[in-house]
Amino acid sequence: MPIVVVPLSADDDALDACLAALDAGTPAGTRVWLADDAQAGPRGYAVIEQWMGRTALRADYTRRPRGVGEVAHLDEVLGACGDADVAVLASDSRPLPGWLERMATCMAADGAIGSTTPWSNAGEAVAWPRVGEIAPPPVDGERLARAAAAMPALRPELPAAVGHAVLLRGAARRRAGGLDATSYGSWYAALIDLSLRLAGLGWRNVLCESAFVARDAEGVPFDGDMERLAVRWPDWHARLANFLMHDPLHASRQQLAHLLDTIGPPEPQRDLFV
């Protein structure tokens, strides 16, 4: 299993929900790193402490004495992971069951994949059920997770990875030089930049159709980030706009909706046969 890195924010309630979903939907023993850039307050720390005391995941928590910024901090954390594949999970997201295993399977199927991103209700290019729109989080996450698991593994190309959850191939990330903390202040923009550098080196940024991670809102860039992206990558905005207008994933979105409508009940007593 890849390492899961959760860069913490100051939203205690969102973190509580994220950790509960992470615990419920991730295999026991998975390595999880809660990376705190001096963001969590006293209540957030209490949430972390209680969760770490009961989780079946191999969890670690680190906190910087002073914040250095989300991109610089995350680049430091990713660098410490070496060549390991790392799933970066937003601390206000809620992964559905099977998310990590399916993303790891997607990446293992093609050595040219540099990043893989799951569906999300608030995922911009990978938003479901409609591209570029923010829908309410799924009411029945377990049912949606089972529907997604039945999707064919086509692994279509994305304009860039999206920040609700992304699995990064360690060797590809290191070859691309990691995150650019000098130019960008937000993970949102730094991930786009990294994705485009990966693509320039021949790696693929793809959708994992069988995984879903819910989120209440999309990530946002910091002031000046999009202008710096436009200077470095002059065709980026046009490329993203073209993708959103033509929606090459339209058939996949419809297929997932159909599977959700027609998926049967879970196997009775399935937990007895794991």
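These figures come from a predicted structure and were not determined experimentally.
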Legend entry - Min side-chain heavy-atom separation T116-R155 under 4.5 Å: no
Inset, instruction - Decide if atom NE2 of H237 counts as having more than 12 heavy atoms of other residues, nucleotides or ligands within a radius under 6.0 Å. - result: yes
Legend entry - Distance-minimising heavy-atom pair for A190 and L179: O-CD2, 4.2 Å
Legend entry - Separation of H164 NE2 from L191 CG (nearest 0.5 Å): 10.0 Å
Legend entry - Steps toward side chain to side chain contact (heavy atoms under 4.5 Å, CB included) verdict (L229, D193): CA-CA 7 Å; L229 270 175; D193 177 73; 4.1 Å; yes
Inset, instruction - Examine distances only and state if a side-chain atom of R146 and a backbone atom of G264 form a donor-acceptor pair shorter than 3.5 Å. - result: yes
Legend entry - Connected via hydrophobic side-chain network under 4.5 Å: F222 and W187: no
Inset, instruction - Would you check if the side chain of R173 reaches a backbone N or O of L168 as a donor-acceptor pair within less than 3.5 Å? - result: no
Legend entry - Cluster check M103, L57: I/L/V/M/F/W/Y, side chain < 4.5 angstrom: yes
Legend entry - The single option from D75, D85, D83 passing salt bridge (charged side-chain N to carboxylate O under 4.0 Å, His left out) against R174: D83
Inset, instruction - Ignoring hydrogens and angles, tell me if any N or O in the side chain of R197 forms a donor-acceptor pair with the backbone of G178 under 3.5 Å. - result: yes
Legend entry - Any C208 side-chain heavy atom under 4.5 Å of W99 side chain: no
Legend entry - Audit row: V5, L74, side chain to side chain contact (heavy atoms under 4.5 Å, CB included) steps and yes/no: CA-CA 9 Å; V5 168; L74 184 52; 3.9 Å; yes
Inset, instruction - Locate the shortest heavy-atom distance separating A35 from V77; write the atom from each residue and the value. - result: CB-CG2, 3.8 Å
Inset, instruction - Decide whether I113 and V166 are clustered together by the hydrophobic rule: side chain heavy atoms of Ile, Leu, Val, Met, Phe, Trp, Tyr closer than 4.5 Å, transitively. - result: no
Legend entry - Neighbour count above 12 (heavy atom, 6.0 Å) for D223 CG: no
Inset, instruction - Say whether, by atom type as modelled, one donor and one acceptor occur between the side chain of R143 and the main chain of I263 under 3.5 angstrom. - result: yes
Inset, instruction - Supply the atom-to-atom distance I192 CD1 to W236 CH2, rounded to the nearest 0.5 angstrom. - result: 4.5 Å
Inset, instruction - With the side chain counted from C-beta on, respond yes when P138 and F212 share a heavy-atom pair under 4.5 Å apart, and no when they do not. - result: yes
Legend entry - Atom pair CE/CZ of M151 and R253 - distance to nearest 0.5 Å: 10.0 Å
Inset, instruction - Only pairs at least two apart or in different chains count here, so list each side chain to side chain donor-acceptor pair (under 3.5 Å) that has a residue in residues 52-64. - result: D23-T55, W33-T62, D36-Y61, D36-R63, R64-E76
Legend entry - Non-hydrogen side-chain atoms of N205 and T117 separated by less than 4.5 Å: no
Legend entry - Check: V220 and Y188 side chains under 4.5 Å, non-hydrogen atoms: no
Inset, instruction - Identify the heavy atoms of P152 and Q255 that sit nearest to each other, and give their distance. - result: CD-NE2, 3.4 Å
Inset, instruction - Identify the heavy atoms of C18 and S93 that sit nearest to each other, and give their distance. - result: CB-O, 3.1 Å
Inset, instruction - Give a yes or no on whether the backbone of L154 and the side-chain of E209 come within a donor-acceptor separation of less than 3.5 Å. - result: yes
Legend entry - Residues R43, D13: salt bridge by 4.0 Å N-O rule: yes
Inset, instruction - Give a yes or no on whether L207 and L256 share a hydrophobic cluster (residues Ile, Leu, Val, Met, Phe, Trp, Tyr; joining criterion: side-chain heavy atoms under 4.5 Å apart). - result: yes
Inset, instruction - Indicate yes or no: at least one non-hydrogen side-chain atom of L198 is less than 4.5 angstrom from one of R169. - result: no
Inset, instruction - For R204, enumerate each residue passing the salt bridge (charged side-chain N to carboxylate O under 4.0 Å, His left out) test, keeping only those at least two apart in sequence or located in another chain. - result: D110, E157
Legend entry - E218 side chain to I134 backbone, donor-acceptor under 3.5 Å: no
Inset, instruction - Measure the CG-NE2 distance between L78 and H73 for me, rounded to the nearest 0.5 Å. - result: 10.0 Å
Legend entry - L96 with L260, same ILVMFWY side-chain cluster at under 4.5 Å: yes
Inset, instruction - Would you mind telling me which of T105, T26, L22, L89 makes a side chain to side chain contact (heavy atoms under 4.5 Å, CB included) with L100? - result: T26
Legend entry - Positive for side chain to side chain contact (heavy atoms under 4.5 Å, CB included) with I48, one of D12, L34, D16, V6: L34
Legend entry - Salt-bridge present (R130, D247; N to O < 4.0 Å): no
Inset, instruction - May I ask you to test the Q39-E70 pair for a side-chain heavy-atom distance under 4.5 Å? - result: no
Legend entry - P137 versus R94, closest heavy-atom pair with distance: CG-NH2, 3.3 Å
Legend entry - Nearest-0.5 Å distance, CG of residue L167 to CD1 of residue I3: 11.0 Å
Inset, instruction - Return the minimal non-hydrogen interatomic distance between V126 and W119, and the atom names on each side. - result: O-CE3, 3.3 Å
Legend entry - Flag side-chain contact, heavy atom, 4.5 Å: L144 against W128: yes
